[in-house]
There are 2 protein chains.
Amino acid sequence: MPPKRNRDSKEDSVKVKNDTNTKIKSKTTSNKRSKSNHHEEHKDHEEPNAKRVKRVAKPLLNKIDTDLNEINFDCSKLNAIGNKYNLKISSWNVSGIRAVIKKNGMEYILKEDADIVALQETKCDKNKLPEEVKLKGYHYYFFESKKRGYSGVALYTKEKPINIKYGLDNAEFDNEGRLITAEYPNFYLLNAYVPNAGQKLVTLPKRLKWNEVFKDYVKGLDKKKPVIICGDLNVAHQEIDLKNPKTNTKNAGFTKEEREGMTDFLDAGFVDTFRALYPDKADAYTFWSYFANARSKNIGWRLDYFLISKRIKDNVCDNIIRNAIYGSDHCPIVLYINI
Amino acid sequence: MPPKRNRDSKEDSVKVKNDTNTKIKSKTTSNKRSKSNHHEEHKDHEEPNAKRVKRVAKPLLNKIDTDLNEINFDCSKLNAIGNKYNLKISSWNVSGIRAVIKKNGMEYILKEDADIVALQETKCDKNKLPEEVKLKGYHYYFFESKKRGYSGVALYTKEKPINIKYGLDNAEFDNEGRLITAEYPNFYLLNAYVPNAGQKLVTLPKRLKWNEVFKDYVKGLDKKKPVIICGDLNVAHQEIDLKNPKTNTKNAGFTKEEREGMTDFLDAGFVDTFRALYPDKADAYTFWSYFANARSKNIGWRLDYFLISKRIKDNVCDNIIRNAIYGSDHCPIVLYINI
DNA sequence: CGTTGAAGG
DNA sequence: CCTTAAACG
């Protein structure tokens, strides 16, 4: 996708965006795929026979809709090499895309205007996707779980990737709509929804299996091109990454095994961009339980990450947690990078 | 309950209501019961540890809330003997009492101010009943299904009955919260939710079994005192009782067997009060499928009835279908009687 | 607590 | 279409 865009001024950005749209439009003609449990959709081909989702006048969760105009969606920071970002990636565990749509969550996505948008826990069969998922200017790819209403990831991208891969060639995990890999000219983008270890850690073994399979898969890609992983990794890595580390050591997302899994992964040559930028920043969370009004008290967890190949770590301009965005129990995260 | 009340003027009626409230309050002290799947509750004893149901700003179904002030809840008609009513009974299949509460349905019940209120399909365990079910001035009795979220009936009564009976001594049906019998000094009041014959009539046999068991049960009561049955009887008796009789002869609620069951029951000495009052009134329905906006087109069924012992038929002043009341796929029905 | 599909209507 | 509980988070 980059380096075709110049983001040194807002005006340019808008102009380039229009160019991009036009370009994408002219490029997207046929080659629709319709295999087992993944789905590629396009504004140029096919109207899904999806029902229209009824709008309800309900605030985004426990807050009246945040005024999106008060948020700065741009980033003026330069990376370690001195460059402004030319690629913006947004990642959001929506916990049900249809619910988020009803809560006007797509408005956030449009306002963010990222080049790549990665959604997790879409929880929606492709034939039930409402009209609202069709965002103008994006190619979009949905990978659903065989188990309806469970898991599922989606990828929106302004530039059409060289290739899209659903899953990681593992029968168990690929039934659950947990990973989309998009290949671009000079990097891989991975949108991941990592298995939850479950109540009383009943699925911790499955989770640890994922850690192994996923690490092997990513290491393979990383040999070819740098990798950008984003998504809900379902682990708070260090004590700083959740409000109550002491009382959660036996709970899903903060067990020794899950934390070691993350350490192990990073040791294989990857960087947690947020923590690299803000090593001591506490109270920076991306998830809050719906229980007990945790979000209003900021009793949260940092479960959503950008992990990138070490060799592109100096390309990062910033990594923002959009904690003013409601509509899910996770908030979006945004990576600004020049690549 | 009657004959203690004089309803010849609105002013009197209001005054007497206050008297009644006071009287009931002074009468209600102890004798709470707490057996298997039924439940008696009281304003004087016990606060149920029920969660408060969140209010949502949603119109009653597909209509903005009906202005209850435009409805005449009184009745000036005299019965065949020349008397004004001294007893008002309201019956309503709420299709989920918690949903109806969220839609402000209890406001209707309060405004109707019936002496007896019979609800069907409450679909709520007693321990999940929200605060709003506690209506001031009423004794209330809930009979739930063992299968959670299914069936269930409730009875509200200003005057405390001599006796309350849950079910009809039949193991199968009494697990399903379908019948409450209240004994008053000079009549029995039965609140019934008759089994649905099901999609493709899969439960028609069960339904026909109910017809037999129920008829025997009622005939037993009728030997002692006159009987007033109300509720969702899940049958449209004659062609006039549904919009599309021709196309529904094989569907639950209008099969030959169900219709004959009703005829058979009436032949045992009971009167369908609405049809007795309005023998030729078409388009008078109490239920409309949620599908295809049936209610706005009045494509409905008359499934809710008052059936009374023939010997008190001349006591009836009127029977009204409150088709302006939304919040369920059924609307309430009201009986004005002097007894 | 909130989202989803399933059963029931 | 609409309500509910179950599974999952």
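Numbered from 1 within each chain, the chains take letters A, B, ... in sequence-line order.
Between the P atom of C/dG9 and the CD atom of B/Q120 lies a distance of 15 Å, rounded to the nearest Å. When the P atom of D/dA5 is taken as reference, atom NZ of B/K146 falls 17 Å away, rounded to whole Å. The nearest whole Å value for the distance from the OH atom in B/Y150 to the P atom in C/dA6 is 20 Å. Note: NZ (A/K102) to P (C/dG2) measures 14 Å, nearest angstrom. A straight line from CG of B/N248 to P of C/dG9 spans 17 Å, rounded to a whole angstrom. A/K147 places its NZ atom 11 Å from the P atom of C/dA6, with the value rounded to the nearest Å. If you take CD of A/E121 and P of D/dG9, they are 7 Å apart, rounded to a whole angstrom. Atom C1' of nucleotide C/dG9 and atom CZ of B/R207 are separated by 13 Å, given to the nearest angstrom.
Inter-residue side-chain proximity for B/K128 and B/E144 is flagged as unmet; no heavy-atom pair is nearer than 4.5 Å.
Contact annotation: B/K123 side-chain N/O to D/dC2 OP1/OP2 distance is not under 4.0 Å.
With C/dT4, D/dC1, D/dT4 as the choices, the nucleotide that has an atom nearest any side-chain atom of A/A99 turns out to be C/dT4. In the set C/dG9, D/dA5, C/dG5, the nucleotide with an atom closest to the side chain of A/R148 is C/dG5. Of the listed nucleotides (D/dC1, C/dC1, C/dG8), D/dC1 has the atom at the smallest distance from the side chain of B/F291. Distance from the side chain of B/R98 is smallest to D/dA5 among D/dA5, C/dG2, C/dT4. Among the nucleotides C/dG5, D/dA6, D/dT3, the one closest to the side chain of B/K103 is D/dT3.
Checking A/Q120 against A/S91 by side-chain atom types alone, a donor-acceptor pair falls below 3.5 Å.
Under the 30°/60° scheme for interplanar angles, the aromatic rings of B/F142 and B/Y156 are found to stand perpendicular. Ring geometry for A/F143 against A/Y166 counts as tilted: the plane angle lies between 30° and 60°, on a 0 to 90° scale.
Within the nucleic acid shown, B/F287 has no heavy atom closer than 4.0 Å to any nucleic acid atom.
Closest approach of A/F173 and A/N170 over heavy atoms only: N-OD1, 3.0 Å.
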